[in-house]
Amino acid sequence: MKIFRKIRRTLLASGKTKSYCMYAFGEIVLIVIGILIAWKINSLNEIRKNKIVELKIYQTLIQELDANSKVLDSSITNYTSNLKTIRTTIKSIGLKPEEFTDKIREGIVNVNYKPVQLHNGAINSINSTNKFEFIESVLLKDLIASYPNELDNFATQETKIKNIVINRLQPAIEKHVSLIDILSDRDLEYKRIQNILEESNYEELLNSRDYQNALVDRLLQTENQLEIAKSLKEKTQIMAIKLNKELGG
């Protein structure tokens, strides 16, 4: 800077106005170029930092999607198994007591309900904070923005099934069937207890309208949930594949 000032004073003292103006203009150009270089460097640093944040977001999200994918695989298997058991039970309506096999009785008593909880921490964090701004891919933004609604649909349907099992099926079963039957099938020591309890009436249970309606309702809601689970699994896989591509995997 001292050199520049010395040059300016020398030019002014010499009276060479044109040369001074050209020098001043050149000095301004150099300053502007310096500012632009500094701005560019700063901009590149910001891009680099944003990219690091973006990749960390992707990595966290992939872990959550992988976990959800495993839960959905297990759920799809469970829903399929439940539907098979429910249909067998429905077909058993009208059978005589002597026609009930151990497998049929077990299917009637064991509702086989397992609560399903999908992970949503990472996806909700992205959608509810400024992390969403770090994502460059428009397709990924659309997938991430819509995913919470998909999770909500799954959770809502799961709640419907839970209410049917807990508030309708189980009370009906307990009214007509002694749950000690389940234990007696597993352990012979419970056979003695079973003999002194009131006998279970599977025929009466199957002919109960409340039980029949609850059973059919669970069938329909489970069929819906199976389709929702399959669709959600597909969307989860699509998002995971896209994220892995962004990470260069």
Side-chain angles (χ1 to χ4, degrees), residues 60-93 103-104 106-129 132 139-177 179 182 205-206 208-243:
T60 302
L61 192 52
I62 284 175
Q63 292 175 354
E64 183 166 282
L65 292 173
D66 286 344
N68 280 347
S69 185
K70 292 177 182 177
V71 172
L72 287 168
D73 279 338
S74 176
S75 299
I76 290 170
T77 300
N78 193 45
Y79 295 142
T80 303
S81 175
N82 287 345
L83 286 171
K84 183 179 179 180
T85 301
I86 294 170
R87 291 184 180 116
T88 299
T89 302
I90 291 175
K91 291 177 182 178
S92 302
I93 295 174
K103 185 176 182 180
I104 290 175
E106 183 181 355
I108 294 171
V109 175
N110 188 2
V111 295
N112 195 31
Y113 174 71
K114 298 177 182 178
V116 180
Q117 183 66 51
L118 294 174
H119 304 277
N120 60 6
I123 197 77
N124 285 343
S125 175
I126 294 171
N127 280 296
S128 61
T129 66
F132 199 79
L139 175 59
L140 261 181
K141 283 186 175 181
D142 291 340
L143 291 171
I144 291 171
S146 63
Y147 197 68
N149 290 331
E150 303 291 341
L151 294 177
D152 288 343
N153 290 338
F154 181 91
T156 298
Q157 189 65 19
E158 189 65 24
T159 299
K160 290 180 181 179
I161 296 173
K162 178 182 178 180
N163 288 334
I164 293 170
V165 172
I166 294 177
N167 299 322
R168 296 171 62 189
L169 274 178
Q170 288 183 344
I173 292 172
E174 292 172 11
K175 182 179 178 180
H176 299 281
V177 177
L179 299 186
I182 301 176
L205 171 64
L206 288 176
S208 165
R209 178 171 293 183
D210 289 342
Y211 178 76
Q212 291 176 0
N213 289 342
L215 194 64
V216 172
D217 197 7
R218 187 187 181 189
L219 174 70
L220 297 176
Q221 298 302 336
T222 303
E223 286 176 341
N224 289 339
Q225 183 67 328
L226 178 59
E227 294 306 312
I228 291 173
K230 289 179 178 177
S231 175
L232 183 55
K233 172 67 187 302
E234 182 180 357
K235 292 175 181 177
T236 300
Q237 288 180 318
I238 291 173
M239 198 187 309
I241 291 171
K242 180 63 178 175
L243 285 167

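When a residue number appears, it is its place in the shown sequence, counting from 1.
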Distance check, rounded to the nearest 0.5 Å: [X] atom [atom1] versus [Y] atom [atom2]?
X: Leu205; Y: Ile93; atom1: CG; atom2: CD1; answer: 9.0 Å
X: Glu227; Y: Thr222; atom1: CD; atom2: OG1; answer: 12.0 Å
X: Leu226; Y: Ile76; atom1: CG; atom2: CD1; answer: 6.5 Å
X: Asn163; Y: Glu158; atom1: CG; atom2: CD; answer: 10.5 Å
X: His176; Y: Ile108; atom1: NE2; atom2: CD1; answer: 11.5 Å

Arg168 and its side chain to side chain donor-acceptor pair (under 3.5 Å) partner, picked from Asp210, Asn213, Asp217: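 When side chain to side chain donor-acceptor pair (under 3.5 Å) is applied between Arg168 and each of Asp210, Asn213, Asp217, only Asp217 qualifies.
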Specify the closest pair of heavy atoms between [X] and [Y], including all atoms of both residues, with the distance to one decimal.
X: Phe154; Y: Gln225; answer: O-NE2, 3.1 Å
X: Pro148; Y: Asn127; answer: CG-ND2, 3.4 Å
X: Val165; Y: Arg218; answer: CG2-NE, 3.7 Å
X: Ala214; Y: Ile164; answer: O-CG2, 3.5 Å
X: Met239; Y: Ile123; answer: SD-CD1, 4.5 Å

Criterion side chain to side chain contact (heavy atoms under 4.5 Å, CB included) on Leu206 and Thr89, from CA distance to verdict: CA-CA 8 Å; Leu206 288 176; Thr89 302; 3.9 Å; yes
SB check Lys233 Asp73 (cutoff 4.0 Å): yes
